Structures are given as structure tokens and as C-alpha cells.
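Below: one structure, written as C-alpha cells.
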Amino acid sequence: MELSDANLQTLTEYLKKTLDPDPAIRRPAEKFLETVEGSQNYPLLLLTLLEKSQENVIKVCASVTFKNYIKRNWRIVEDEPNKIFESDRIAIKANIVPLMLSSPEQIQKQLSDAISIIGREDFPQKWPDLLTEMVNRFQSGDFHVINGVLRTAHSLFKRYRHEFKSNELWTEIKLVLDAFALPLTNLFKATIDLCSTHANDASALKVLFSSLILIAKLFYSLNFQDLPEFFEDNMETWMTNFHSLLTLDNKLLQTDDEEEAGLLELLKSQICDNAALYAQKYDEEFQPYLPRFVTAIWNLLVTTGQEVKYDLLVSNAIQFLASVCERPHYKHLFEDQNTLTSICEKVIVPNMEFRAADEEAFEDNSEEYIRRDLEGSDIDTRRRAACDLVRGLCKFFEGPVTGIFSGYVNSMLQEYAKNPSVNWKHKDAAIYLVTSLASKAQTQKHGITQANELVNLTEFFVNHIQPDLKSASVNEFPVLKADGIKYIMIFRNQVPKEQLLLSIPLLINHLQAESIVVHTYAAHALERLFTMRGTNNTTLITAAEMAPFVEVLLTNLFKALTLPGSSENEYIMKAIMRSFSLLQESIIPYIPSVITQLTQKLLAVSKNPSKPHFNHYMFESICLSIRITCKANPDAVGSFEEALFMVFTEILQNDVQEFIPYVFQVMSLLLEMHKNEIPSSYMALFPHLLQPVLWERTGNIPPLVRLLQAYLERGANTIASAAADKIPGLLGVFQKLIASKANDHQGFYLLNSIIEHMPPESVDQYRKQIFILLFQRLQNSKTTKFIKSFLVFINLYCVKYGALALQEIFDSIQPKMFGMVLEKIIIPEIQKVSGQVEKKICAVGITKILTECPPMMDTEYTKLWTPLLQALIGLFELPEDDTIPDEEHFIDIEDTPGYQTAFSQLAFAGKKEHDPVGQMVNNPRIHLAQSLHKLSTACPGRVPSMLSTSLNAEALQYLQGYLQAASVTLL
């Protein structure tokens, strides 16, 4: 694509269409952009548009499209084509920083993100001048430019907060500190001076405080891994200024908005974070500054109001106190009973209250409420911080703190009892207090794993939780219902099993509650209870104990999906999956209605898949229905195909990318259920599965290979007779996969199935070409993974076609090739093979080479006979060699970047491990002994003499053991 006005005009028109709400206009425009994004100059056209276009909407759209293009294509993935021309990469890096700095803020943010994505890959090695270019802009004095630099630096450096330590990372941070720490500190001081100069100018203060927030965030990122020497030397400058900013209160920066945090709150929140970081990680160096920070933050907490806009500030301030009170040498600051009482009364209790804003979220924004409350993304809520502070204080002061709070809990419950309909919030706070007091250690998987001995959880459950859940109406006091259900969920390991069993019908009943939070919590609690393990690793709650409730459970779960706001509720779908898994054959009578509801749901969501977890559990539930039913009645597979194939066809025809890998897995599962020939409905689909476009998406590869394997296992003869013209296509897929380091093992899975199942005559003409392709790949890039797969393949070939056929095919490619493969690959590398079945295939294959290949006995190959036997005994007896050369770094298939649907393995569509030599050989050691006995009978004297001359003593001893076990001797 040339950088021409005509192309700019075309691109503008298509970008406009991508904003159209009508899918008939939007989709073709998106497809068009997809097809041209590989062209040279495409990214430069986007950058030209966002700089020169007259329409703001096009500028913004071009910037977002550009950022997403960079996100999808910048990373160079080994074995995959470089998706951006080198000249474009150079031009982008040369122009993007100045362009970003001169753009309006909305576009600046998008370009800043793009720079950080490029920097993630190219900085510092391939983009050495990025830092200098950025630091030089600090001198400009223009805070729009300076903030652009700071924003970019923040998005570039914030990954230092969660990267693992490595020499590479530390070298990069050192480089950044050398170039950035001093200019950043000077900018910090200058900005603070400007704040005093412009103390009465509201618009100037807004810009300056935006800079200070970014500077404080950069301070956090640069100090996170370790305390840099520069910051240690300049701690006085930073901490004194941070402290004075914490205590600053400028009327011009206060906002009227009760919801949205203002600049002052955001800055103070970040400073609390920075102080907590130093208190936790660098407490010795920070000690001189700590008391004044504790005082300032305490005053902040006591004087800050209950409005939502202060939530982040309050929660960060409380988290600071929580991190300080856990450290042994700050213990003395909290020891006094009056201090503890004061913290409980003035900080903890007020911040545990259920406010009007929480109530609003509970009712109107339930998805967000659930995410924060259940999934722990409530990191910035007041309640969560107060709860963490309770836990922190309990570390050293469990007795006094429990005592103080017990008084509060009792008085709150008494208030509630006086007038429940008015005072229900008191009970809510009491339950929250009990929960935070009692829980010492918690995991997502097991709930509370360690509890406070001073709190009687079962008694509280029976007296205060159960009555709420037993009340006649499931819709009364929804917040208290949700609290009660959450209590069961959190303390499921502490509450006795009989109480849990009594709770199950109550939870099933609450699936009908109108409140989204209540029926979601009920579904989640059931799902968690069903995963609990009892003795000998079985589920704690058994299918027999659930028998009376099966019908009502399934009815209410599916009914819950029809409640407003829950049509794609992932917790309900996960509970459906878990119920199927627990109940097993008890669900068979309900399958016809269940599968109808699941297929209707599948059809509905396939129109616009938006909830990945919901979709995953839905497919898992479909797989479970199939498995459970077909285990009891294998012929039922046909009725599932009838129910599902119409929807599957629609998904494949509409190219619903998110669902295609799942459809292939379910189809594999169904096809593997067939005992005889492949039904014609599958054969009709077979040619479409070989289309190259399907194989271009990495997420499709594992499930497609498995589906083709199922075709080969069930219908190799049908393919050979009715679709022989498709065999080259099948081998074409193998050729594509084998060329990629990331997917070569998938290519071998397919090849092994072809060798194992296809009639020999149907692949005769292609065999030599297959071996030549493999040797070419071995020469070009030999990796450990490839060698392991190659060894399994040649041994499987040997098992299937015989050792002589293997020797002949090697030597037909090049004379003496067979000896080279034995000497250079099999003997030195066989120890690397892993996996029971894989080792067994190799053992049987090598045994055949040793005992059923005449050239091994009387040609120049004979010298390799004993080393090969030695290697085989090593495979049996020595530990696996799992070393991998340093230069090999495999890209994990699931880690390829971008928006492609990664492959999501369905647990309940799992494939049984298949052993191609299972029926032929049970114990490979015994098999070796019997085969050697047979060989020695055919040529007496030869085998013992070869063994005695060159097999090492230890290996010989093992071999004697095999011969004894097989009750044979060598002649």
C-alpha cells in the first residue's frame, strides 16, 4: 500500500464503517482491514491519519486500530512470518514518540500504550535511544509533553512490579536508573516548587498534580525490585516531599463529585502505596521516616469522609497500617490497649459498614459487586483493607483484638434484633467482622484453611446464619442472604459436614432468588461444596447423599439461567458442570431436557460470544452429558449428534473463532464413541478439515489434530477407499506442522496415527517423501522435542512395518543411512524419550531392530548391535535424560501473543491414552528376553559371544534378570 491520498481516503472510509452499529456494514469493513494489515506501509498510513485527519473520530479510531495492530503483530514469533516489514518497524520507532507527544491526550494514551508494547519487545537492545529521547523532553517545560513522557515511562516500567528477578531484568533496570533516576528526581523537585508558585491557579495545579501522580507511580515501579542506591542516597528529598504532600490540603484541588477520586486523593493514595512498599521491603532504611508517616496516615484516616471518591485513598492508607503492624519491630507502636481500641473504633468498624453506594452496586451493578466480593479483586475496597488490618493486628494481638470486637459484634446483633427491617446493616457488619476475625489464611480452592480458635464458627452459623437462609422468602433481606451463603462458602472446611448437608437444600432454594448476587452466590457455594474432598480422595458429598435433590437442583440451576441478568452467568454454568460431574449416572433421566437447553443456549451465545468462562463451562457440561450417557448406553451417541450437529454446522459456517476449537473437541469425543465405521455425516466434513485457513489459527491446531486422529482411528479404511484423494492433503497438514518448532509434536501425533491406522498400501507411495521431510527438518533445526518425537515415530514405524522395512527405507534414501541414524540419533538420544507409552513403543521398536533385522547380524551394522542393546537397557533402567541445550527456548503454544483464541483444553473431553503396542506386548523387558532367545535359537552361539565381549557388566546383570523373569536362556 503506497502512502497516497487515495489510500488514506479508502482507509478513512473503512475505519468509519467499523464504527457502524449495523453488523452488515461493520463486519465486512473489519474483514477488509484484516486482509490489508499485512501490507507494507499500512501502519504508517494509520499514523498519518491520526496526525492529519480533520475528523477527531477518525483520529481516535486510527489510534486505537494502530495500538491493536501493534499488540497483535509486533512480537516476532519463531517459525512464524514476521508480520511487519522491517522498514515499517524502523519508521514507526523513529516517529511514534514525537507524534505521541504532540497529540491530544485521548490519542496520546493509545500511542503511549503502543510504545510500551514495542518497548516490551525492543527496549533496550533494538531501541537504545528511546530513553534519551524521552528524558530530553523533560527540558521542554511544556507539561503536556512532560506528562506524555511520564505516562509512556509508566506503561513501560510498570512491568518491573511483577517480573521475576533475572540478570536481564536487573541490567535493564540499571540502565533505566542511570538515565532516568536523576532527571526524574529533578523534575519531582521542580514540579513541587511550581506547585507552591501556582498555589492559587487551579488549571496549572491540575496539570502539575497529574505529573506528580505519574512521578509517584514511577517511583513505585523503579523501587519495587530492590532499593536502588540512587534512591537510598536521595531518600530525604523524596520522603520529605511525599510526607508534605500527604498533609497538603488545597481547596482548589477538591472536587464536588462524590464518586470520582480527584487528583489530590489519587496522589495521596499512591504515596501511601510507596510508603507501604518501603515499610515492607526496606524497613531498616525507612525506619527514621516511619513514625511521621504513621501519624500523617492515621490523621488522614480519621479525617477522611465516607464518600466513594475517597475509597482508594482510605484502602491504601489502611493497607499501609496493615503492612506496618505485621512487622515485629513496629509492634511497640500498637501495643497500648487504648491505641488498639482507637484503631478498632475509628478505622476498622466505620470502614466495614455497608454504605448506600455498596447497596447500589449490589442491586444495579451486581457483576462488578460479585467480581470484587467473590474473586478478591476488591483489593481497593475499604472493607477488604479493614479486613486485612484485622488480620495484621491479630498476628501479635489476637486476644485483645478478638475481645474488643466481640463486644461490637454482640451490640450490632442486638441492634439488628430490635428492628430487623431497619437495622439489617448492623447484622451485615457483624457477619463481616466475624469473618475477618476468624479467617487467618484463605485460598480460592479450599476457602479458609486456618481459623482463629477464639471464634466459635459453628455456633455462629447455627444461631445467626441458618435462620436467615431458612426464612420463608428467598427475596427478603438479599444482602443478609448473600452474607449467609458466603459464610458457608468461606468456612466450608470448619463447619461440620452434617451442617453442610442441611444447607444444600437451602442453597438450591436460593437459586430462585431474584437478586443476581444471591442466586450467583448460591450457585457458587454449591459448586465449591461439590468439589470438597473427603477421606480417600473421594468427594466429601456423595452422589447418594444428593439423590433426593437431583431433580430440583437441575431444574433450579437451568431456571436460574433464565433470570434477568444471568443468561450467561458463569457461576451457574460452572455449578451445572460440577453437578453433572458429581451426580454421574443420576442425571441420565434428565439428559434429553438438559441437552436441549444446553444446545439452545449454545446457539444463542454463538451469535456473539462474550463470556469466555461461561462458554468453557457450557462445553464442559455438554461433554459430561455425552460421556455419562454413552458410558451407560453407547448407542446414545447418535441422539447427541442429532441434537448438536445443526448448531455445530452453523458455528463452522459462520466462522465463530472462539467456539471452533471447542466444536472440534466435542466432535472428537463423539467420533471416538463410535465403535464401527465413520458415519457419513463425519465423512462429509472431512475435506473441510484439511483447508489451510483452519490451520493458520494456533488455537485450532491441537483440537484439529485430535479430530483427524479420531477419523484415522475409526475410519482409516473408509478414508483409503472413499477419500484416497485427500491423503495428500492430510500429509500436507503434517508437512506444515512439522516445519514449526511450536507445533512439530502435533505433526508427529498425526503422522503416528497415519502409520498406525492407514492400510499400508494407501501410504506406500508417500513413505519415502515423509522420511525425506523429517531428515530435512533434522538438518535445519534439530531440537530436543523434535528428536524425542522422531524417535517414537521411527520405532512405531518399525513395530508396524518391521525392522527390515525400516532399514530398507533409510538405505534407499542414502546408502548406509540406517547405520548413521542408529549411531547418531537412536543410541545417543534414546534416553531423552519420556512417557510410559512412548518408552514402550521405543523399547519394542529397538527390540525388533536387534532381533528381526538380518543386516544387524552380518554386515557393517553388526558393530552397532551391542551399543544399541546397551542403550535399550539404559532406557529401561536409567533415569530419563531431561537436559535441554541452553539455546533451546520453546515458545509455548498457549503463549503466542495477540487476540487469537488460544486453545482451551476441555477437561471432560479428555482423550484416553492410547497404547499402539498394548495388545502385542505387555512387559517390554520380558519381550526383549523372549526375542533374544528366539534370535539365539536361529543362530546359536552368536548372541552370548556378542554380549560377553562388549556389553558392560551392569547392563549384563540387568539382562540376566530379564532372561530369568522370562524363564528363557540364550543358546
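Note that the coordinates shown come from a computational prediction; the quantities given were computed from them, not determined experimentally.
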| task | Run the numbers on Glu620 and Lys574 for salt bridge (charged side-chain N to carboxylate O under 4.0 Å, His left out), then give the verdict. | result | CA-CA 9 Å; Glu620 291 280 23; Lys574 192 176 188 185; over 6 Å; no
| task | Assess whether side chain to side chain contact (heavy atoms under 4.5 Å, CB included) is satisfied between Leu671 and Val637, documenting all intermediate values. | result | CA-CA 9 Å; Leu671 185 47; Val637 69; over 6 Å; no
| task | Determine, stepwise, if the pair Tyr590 / Val550 fulfils side chain to side chain contact (heavy atoms under 4.5 Å, CB included). | result | CA-CA 9 Å; Tyr590 309 99; Val550 175; 3.6 Å; yes
| message | Between Val401 and Leu437, is the side chain to side chain contact (heavy atoms under 4.5 Å, CB included) condition met? List the steps. | response | CA-CA 9 Å; Val401 170; Leu437 257 184; 4.2 Å; yes
| query | Does the pair Phe477 and Asp468 meet the rule for a side chain to side chain contact (heavy atoms under 4.5 Å, CB included), with working shown? | reply | CA-CA 8 Å; Phe477 302 137; Asp468 284 344; 5.5 Å; no
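Checking side-chain atoms of Ser567 against main-chain N and O of Pro564 turns up no donor-acceptor pair under 3.5 Å. With hydrogens and angles ignored, the 3.5 Å screen pairs no side-chain donor or acceptor of Thr539 with any backbone N or O of Thr542. Between the side chain of Ser269 and the backbone N or O of Leu313 there is at least one donor-acceptor pair closer than 3.5 Å. Side-chain atoms of Ser315 come within 3.5 Å of backbone atoms of Leu312 as a donor-acceptor pair (strictly under, hydrogens ignored). The main-chain N or O of Leu511 is never found under 3.5 Å from a side-chain atom of Asn556 such that the two would form a donor-acceptor pair. Panel note: side chain Arg528, backbone Met489; no donor-acceptor pair is recorded below 3.5 Å. With Asn351 contributing its side chain and Ala386 its backbone, the two residues share no donor-acceptor pair below 3.5 Å. With hydrogens and angles ignored, the 3.5 Å screen pairs a side-chain donor or acceptor of Gln665 with a backbone N or O of Ser904. Of the possible polar contacts, none joining the Lys631 side chain to the Ile626 backbone as a donor-acceptor pair under 3.5 Å is found. Although no hydrogens or angles enter the test, the distance criterion places no donor-acceptor pair under 3.5 Å between the side chain of Lys611 and the main chain of Asn569.
Contact between Ala482 and Val518 at its shortest, heavy atoms only, is N-CG2, 4.2 Å. Smallest separation of non-hydrogen atoms from Leu506 and Leu469: CD2-O, 3.9 Å. Across Ala636 and Cys630, no two heavy atoms sit closer than the pair C-SG, 4.2 Å. The two residues Glu307 and Arg382 come nearest to each other via the heavy atoms O-NH2, 3.1 Å. The minimum heavy-atom distance between Ser579 and Phe530, with the atom names listed, is OG-CE1, 3.5 Å. Nearest heavy atoms, Thr599 versus Leu644: CG2-CD2, 3.2 Å.
Atoms OG1 and CD1, on Thr520 and Ile516 in that order, are 6.5 Å from each other to the nearest 0.5 Å. Expressed to the nearest 0.5 Å, how far CZ of Phe648 lies from CZ of Phe664 amounts to 10.5 Å. Distance check, rounded to the nearest 0.5 Å: CD1 of Ile622 to CE of Met577 gives 13.0 Å. We find the CG-NZ distance between Leu540 and Lys497 to be 4.5 Å, quoted to the nearest 0.5 Å. Annotation: the span from Ile348 atom CD1 to Glu353 atom CD amounts to 13.0 Å, rounded to 0.5 Å. Here CD1 of Ile465 is found 10.5 Å from CD1 of Ile485. Values are rounded to the nearest 0.5 Å.
More than 12 heavy atoms of other residues, nucleotides or ligands shown are found within 6.0 angstrom of CD on Glu30. Within a 6.0 Å sphere centred on CD of Glu260, heavy atoms belonging to other residues, nucleotides or ligands number 12 at most. The local environment of CD in Glu545 is crowded, with over 12 non-hydrogen atoms from other residues, nucleotides or ligands closer than 6.0 Å. When the shell of 6.0 Å around CZ of Arg27 is examined, it contains 12 or fewer heavy atoms from other residues, nucleotides or ligands. Under a cut-off of 6.0 angstrom, the local environment of NZ in Lys346 is sparse, with at most 12 non-hydrogen atoms contributed by other residues, nucleotides or ligands. Glu363 CD: more than 12 foreign heavy atoms inside a 6.0 Å radius.
Looking at Asp311 and Arg383, no side-chain N of the basic residue comes within less than 4.0 Å of a carboxylate O on the acidic one, giving no salt bridge. Ion pairing between Lys309 and Asp257 fails under the 4.0 Å rule for side-chain N and carboxylate O. A salt bridge is defined here as a Lys NZ or Arg NE, NH1 or NH2 lying under 4.0 Å from an Asp or Glu carboxylate O, and Lys607 with Glu650 meets this definition. A salt bridge does not link Asp20 with Arg26: none of the charged nitrogens is closer than 4.0 Å to a carboxylate oxygen. Looking at Lys427 and Glu415, no side-chain N of the basic residue comes within less than 4.0 Å of a carboxylate O on the acidic one, giving no salt bridge.
Judged purely by distance below 3.5 Å, without hydrogens or angles, the side chains of Asp358 and Tyr369 never pair a donor atom with an acceptor atom. Gln499 and Gln466 form a side-chain donor-acceptor contact under 3.5 Å, judged by distance and modelled atom types alone. Judged by distance alone, the side chains of Asp388 and Gln319 do bring a donor and an acceptor atom under 3.5 Å apart. Side chains of Lys481 and Ser471: a donor-acceptor N/O pair is present below 3.5 angstrom, by distance only.
Counting only heavy atoms from C-beta outward, the side chains of Ile370 and Val517 approach each other to under 4.5 Å. Counting heavy atoms from C-beta on, the side chains of Tyr432 and Phe354 never come closer than 4.5 Å. Counting heavy atoms from C-beta outward, Tyr408 and Glu345 have side chains that approach closer than 4.5 Å. Counting only heavy atoms from C-beta outward, the side chains of Tyr521 and Leu507 never approach each other to under 4.5 Å.
Ring-plane geometry between Tyr662 and Phe619 is classed as parallel, the angle between the planes falling under 30 degrees on a 0 to 90 degree scale with a further cut at 60.
For Tyr416 and His426, the gap between ring centers reaches or exceeds 6.0 Å.
The only member of Thr531, Leu529, Leu526 that meets side-chain contact (heavy atoms from CB on, under 4.5 Å) when paired with Ile541 is Leu529.
By the 6.0 Å and 45° rule, Arg627 does not stack over the aromatic ring of Phe908.
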